[in-house]
Every structure is written in structure tokens, then in C-alpha cells.
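Here's the structure we're looking at; comments come further down.
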Amino acid sequence: MPEDPRILQLRQMRAKALAGGGADKIAKQHAKGKLTARERVETLLDLGTFNELEPFITSELSETTHEQYLGDGVVTGYGTIDGRVVYVYAQDFTIFGGALSEMQSHKICRVMDLAMRNGAPCIALLDSGGARIQEGVKALGGYAEIFRRNAQYSGVVPQISVMLGPCAGGAAYSPALQDLVIMVEKQSFMFLTGPEVIKAVTGEVVDSESLGGSEIHMCVSGVAHLAAASEVEALQTARHFLSYLPSNNVENPPYFPPQDDPARMDEALNHLVPLDPREPYVMHEVIESVVDAGSFLEIQPGWARNAVVGLARIGGHSVGIVAQEPAVMAGVIDIDASDKMTRFVRMCDCFNIPLVTFVDSPGFLPGVAQEHGGIIRHGAKLLYAYSEATVPKVTVITRKAYGGAYVVMSSKYLGTDVTYAWPSAEIAVLGAEGAVNILYRREIEAAANPAAERLRLAEEYRARFNNPYFAASTGYVDDIIEPKETRPKIIAALSALRDKFAPAPPRKHGNIPV
Ligand code: HXC
């Protein structure tokens, strides 16, 4: 029987939609080592689960000013990742460089709305020249529609951006509003104004890589969270990240029965912290040893390296790890470290991921640059975030917890549920030398041998404060544990806190000091 002509027409239309900007443009995309939008979606999702929506939409201007492209530069729809529903959109660079039009915005907003209504993550695969110049204000308004949804759905469903090409102008702001930004090395660039605009306005000559490549956003600006060596790796990273998150803010993160013994103790931890307080050790070793083997996914590993944040599993449950790295700037807290930790604490709190904090910090970084840069405002964000977080919170003080660093790093009376200290913990307002210089200035000056007197007083101070016993005797830590016990102790604490119920007082929203 001959095929029904209407079926044939549908097949033709679908073939046209699948051709995107045409064979030449697709070949150009492949020649750059890049996948097409549909190939990316297929790579991201579980095999064969993608269902496309609105493939026949075209730009209003198509009929008159440009050639008609079905889909209008974005592929949208839904599918699954590890069996859980996700919504996805992928900009199609073969159509006007993936530039955002009014109708493209309509398509994107539609999947964002569906993701929100159905409590499922929304993943953006970006490759775009920003607002579509031919559409003027309509393209700008289209971005506003997306940004509003990014903000309103923040903390309700996970939003992830994978940057797979240029992301200029508005294409950079939407990722900045999302939970996670993944870039591809040497392939994705993110900037508000590109090299040509910069040259025209300021005369400065700069290339895309050194303006907004992955290295810059991973190590200098802090805008990106993870980078991958290839597109496929970036898409796999998005899948991996989602495995730690619930689909929405009323679910719990998925549980993976642990392969790693919950009672495991690591003798090496008992020998990790050097006796000399000026000698560093590597906090990453503590984290790797305590969490389920191989489960630590560090976020923003190259930026503000004096602080460490990342997702892990412990006893099979997702946790957010926040720590200092004493091997970098002695683990001091500066402006960037404050911002990095704050953002992460808030992400974990909105997605019901308990927080485990490891503390070893001499305090906030002193200096004019930090004070003038607003370290008070930035540090206040971290205080705010920990105080506001209602997820289970466990803290382990491994060594220094001086002054502001003690208070700000999830200390007991910021609302932390269980606080442990290692025997190497030093909990005090100031380090010994600084403290005796202030407390005993006159006595030291009057002494026959001021240097010897300073040393004697510092030793006395250390004996009193540079240990966890004063804090334990006054209830400021819950217990002092052997370092090797840390894993089972954290697992026990988190299981005792699993049903924590800590409703916040009703309010419209707080006023975090941004
Ligand atoms: C319409 C665009 C476009 C745009 C690219 N194209 N950007 N069309 N609007 N914004 C088209 C090109 O004309 C070209 O069409 C095709 O996409 C591929 O672009 P190329 O330039 O050939 O590619 P490439 O050399 O890889 O360079 C990519 C690029 C560059 C870096 C993105 O095209 C670029 O700088 N574009 C402009 C970026 C920009 O300034 N956008 C506006 C930002 S303002 P043909 O037909 O030749 O293949 C903005 C406002 C929102 O977004 C603000 C919200 C806060």
C-alpha cells in the first residue's frame, strides 16, 4: 500500500528539523571537534530516552528576513539520567550560532517550567553567540524570561549548565544563576563582552581563551565549577554530579549501598597532623580517607584553593564537604574562600545534603586589600549560610580553629548538630604569640629578659588553649575523638540526624549580605 502523503510530509518535516542549520554547518561544527545539539543530548541522557518537544517552531522573522530553520536554534525535551527524569535544552550552533531569539526563549522556558512543575532537574547545553542581534529587544526580553525562571526555580530543582562553545552576553548570565557550571577546556568561552567589543571600547587586545576560557573561570573568576577535557567528559560530569543530588528540594538525595565498610578506621589519620603547628599536612587526605572510597567530587578545585568544597558519599549517603586546606595559605579564610564556601553551603542546604565541615584555619586573612575588598561582608555571608542551613551539620576540628575561623566554620552555637575535635585541635581567640603580645605587653616590657618572658607566657597560653580540652570542658565541642575514628563517628552522627526537623521562622526571605 502506498504511504499516506500526510505521513510522508511529516517525515520530510522531521528530516528538515533534524538537519538543523544544514549539512555544511553541521560539517563545520564537526570539523571543530564539536558535536551537534542532538548528538550532545543523546550523549547526556540514558540511551534512547530522549523525547523532543517543539521541533517545528521557527522564528517569527524566518519568513521575511532569514531562511526558515525548524527548531530555531535550540533542541528541547526530556529523558532520563540513571533512570531519573531530567529536562534538557541544547543550543544549536548551526542555526545563527545558537543565538537566542524570542521563540528559542519560549522553547527553553517551556522545558524549565516542565522541570519545575514535575520536580526534575533542568540541564542546559550551551553554545551561543548570545542575544540574536536581528531580533533586538525581543531577544533581550527572551533572556529576561530565562533569568527570571533561573532565579525563581533556584533551590527547587537542580539547574546545571554545560558550556560547549562560546557563551557570550546573556548566554553567560543564565549559567551564573544556576547550581553548577561545567566548561570544556580550550572549547568553551564565557564573557559578557567579547574581544571585539573590548577592542572597540577600550583598545585592549585579548583573545577569547585568556578572556574567558575554562582556565580563567576555574582558577581566577570562580564562575565555573568544573572543567572537562572533552565534550563527552563534560556531559558525563553532569551525570555524575546529579548522582549526588535529589531531583528536587522535597526529596532526599539518592542512596547508594556503600561498597566501603562504614566501620573502617584509618590508622594513618592518627599520624597525619604534625606536632609542629607550623608544619602543614594535606586536608584532601583526611577527606579521601573519611568518605566512601573514591566518592569525593571536588567542586571549584582550582579557585580559592585554601578552601575545599565538594560532594561525597559517606555510608552511602550524599554529603557536602567543606574544609580548609592547610597546605594552601595555611588554610586562611579570604574573600574568595568565603564566597566559595558560602555558595556551596547554600546549595547543599537547598537540596537536603548534610554538611560535614573540617576545620583547620588560623583565621581571616589580615591586610588592607582584604579589608577594603569587604572581607567583613564576604565573611558575613558564610556566617549567614551556616546559621541558616537546616540540614544535618557535623563539624570536625582537626587543628587550628582560631578566632573568626572557629566561629564561622560551622561552630556549635551557629547551630551545628555535632562537633568533634581531634586531640591536635587548637581552639582559641588568637594564636599564642599574638595573644601574649596583647595580653602581657607591660609584663613582657618590664621583664629582665623580655624575649624569654614572651616565650614562657606563650608556652603557658598554649598549654591552656592550644588543645581541645578547654573547649570540651565548657561544652563547645561535643567530644574529642581519635582521628582514625572520624569515619564511623560521622556516619553514626549523620544517621542519628537523618530525621532532623528544624523549621525556619516564616519570612519572605532573608537578606544575605551579598
Ligand atoms: C545573530 C549570530 C550571533 C548573534 C553569532 N551569530 N552570534 N547571529 N546574533 N548574537 C551568527 C554569525 O553571524 C554566523 O552566521 C554564525 O552565528 C556563526 O558565527 P561565527 O562568528 O561565524 O562563529 P565563530 O567565529 O565561532 O564566533 C562565535 C562568536 C561570535 C564568538 C559567538 O559569533 C560573536 O562574537 N558573536 C557575537 C557575540 C555577541 O556580542 N553577542 C551579543 C551579546 S549581548 P553565519 O550565517 O555566517 O554562519 C547579549 C545581551 C544579553 O547577549 C544581555 C543579558 C544580560
Could you walk me through whether Glu426 and Arg399 pass the salt bridge (Lys or Arg N to Asp or Glu O under 4.0 Å) test, one step at a time? CA-CA 6 Å; Glu426 304 169 12; Arg399 190 162 62 177; 5.1 Å; no

Please examine the side chains of Ile182 and Ile160, heavy atoms only from C-beta on, and report whether any two atoms are closer than 4.5 Å. yes

For Glu433, is there an ion pair with Arg462 - N to carboxylate O distance below 4.0 angstrom? yes

About how many Å separate OG of Ser188 and CG of Leu164, when rounded to the nearest 0.5 Å? 7.0 Å

Suppose we screen for ring-ring contact (aromatic ring centres under 6.0 Å, His included). Which residues come up paired with Phe470, at least two apart in sequence or across chains? Phe465

Without hydrogens or angle criteria, can the side chains of Gln370 and Asp334 be said to hold a donor-acceptor pair below 3.5 Å? no

Assess whether a salt bridge exists between Asp292 and Arg487, defined as any Lys/Arg side-chain N lying under 4.0 Å from an Asp/Glu carboxylate O. yes

Cationic N near anionic O, under 4.0 Å, Lys484 to Glu267: yes

Which heavy atom in Val282 sits nearest to a heavy atom in Leu272, and how many Å separate them? O-CD2, 4.2 Å

Does atom CZ of Arg441 have more than 12 heavy-atom neighbours, drawn from other residues, nucleotides or ligands, at distances under 6.0 Å? no

Over all heavy atoms of both residues, which pair between Leu383 and Ser387 is shortest? Give the atoms and the distance, please. O-OG, 2.6 Å

Is there a side-chain contact between Val359 and Tyr406, using heavy atoms and a 4.5 Å cut-off? no

Whether over 12 other heavy atoms sit under 6.0 Å from Gln259 CD: no

Closest heavy-atom contact between Leu44 and Arg239? O-NH1, 2.8 Å

Looking at Glu215, I want to see if its CD is surrounded by more than 12 non-hydrogen atoms of other residues, nucleotides or ligands under 6.0 Å. no

Side chain to side chain donor-acceptor pair (under 3.5 Å) for His284 and Glu298? Distances and angles first, verdict last. CA-CA 10 Å; His284 281 82; Glu298 187 169 358; 2.8 Å; yes

For the pair Tyr255 and His317, name the ring-plane relationship: parallel under 30°, tilted 30 to 60°, perpendicular over 60°. tilted

Flag yes if more than 12 heavy atoms outside Lys489 fall under 6.0 Å of its NZ atom; otherwise flag no. no

Minimal heavy-atom distance between Val332 and Gly363, with the atoms involved, is CG2-O, 3.2 Å

Less than 4.0 angstrom from a charged side-chain N to a carboxylate O is my criterion; do Arg278 and Asp276 meet it? yes

Determine the sole option in Val396, Val394, Val356 for which the side-chain contact (heavy atoms from CB on, under 4.5 Å) test with Thr486 is passed. Val396

Just do the side chain to side chain donor-acceptor pair (under 3.5 Å) check on Asn150 and Tyr173 with the steps written out, would you? CA-CA 10 Å; Asn150 285 140; Tyr173 264 130; over 6 Å; no

Minimum heavy-atom distance Ala428-Tyr461, with the two atoms named: CB-OH, 3.5 Å

Lys186, NZ atom: more than 12 neighbouring heavy atoms under 6.0 Å: no

For Asp127 and Pro166, the nearest pair of non-hydrogen atoms, with its separation, is OD1-CD, 3.3 Å

Check each of Thr419, Thr416, Val345 against Ser410 using the side-chain contact (heavy atoms from CB on, under 4.5 Å) test, and report the only one that passes. Thr416

Using the ring of each side chain (for Trp, its six-membered ring), is Tyr413 parallel, tilted or perpendicular to Tyr476, with breaks at 30° and 60°? perpendicular

Around atom OH of Tyr440, are there more than 12 heavy atoms of other residues, nucleotides or ligands at under 6.0 Å? no

Lys/Arg-Asp/Glu bridge criterion (N-O < 4.0 Å) met for Glu459, Arg456: no

If you apply the rule side chain to side chain donor-acceptor pair (under 3.5 Å), what do you find for Glu325 with Asn306, and how did you get there? CA-CA 5 Å; Glu325 180 47 270; Asn306 37 331; over 6 Å; no

Ion pair present between Lys340 and Asp336, side-chain N to carboxylate O less than 4.0 angstrom? no

Taking the side chain as every heavy atom from C-beta outward, state whether Thr398 and Tyr281 have any atom pair closer than 4.5 Å. yes

I'd like to know if the side chain of Arg454 and the backbone of Glu445 have a donor-acceptor N/O pair within less than 3.5 Å. no

Do any pairs count as a salt bridge (Lys or Arg N to Asp or Glu O under 4.0 Å) and have a residue in residues 302-318, sequence neighbours left out, and if so which ones? none

Hey, are Ser174 and Gln178 close enough side-chain-wise for a donor-acceptor pair under 3.5 Å? yes

Ion pair check, Arg507 and Glu388, cut-off under 4.0 Å: yes

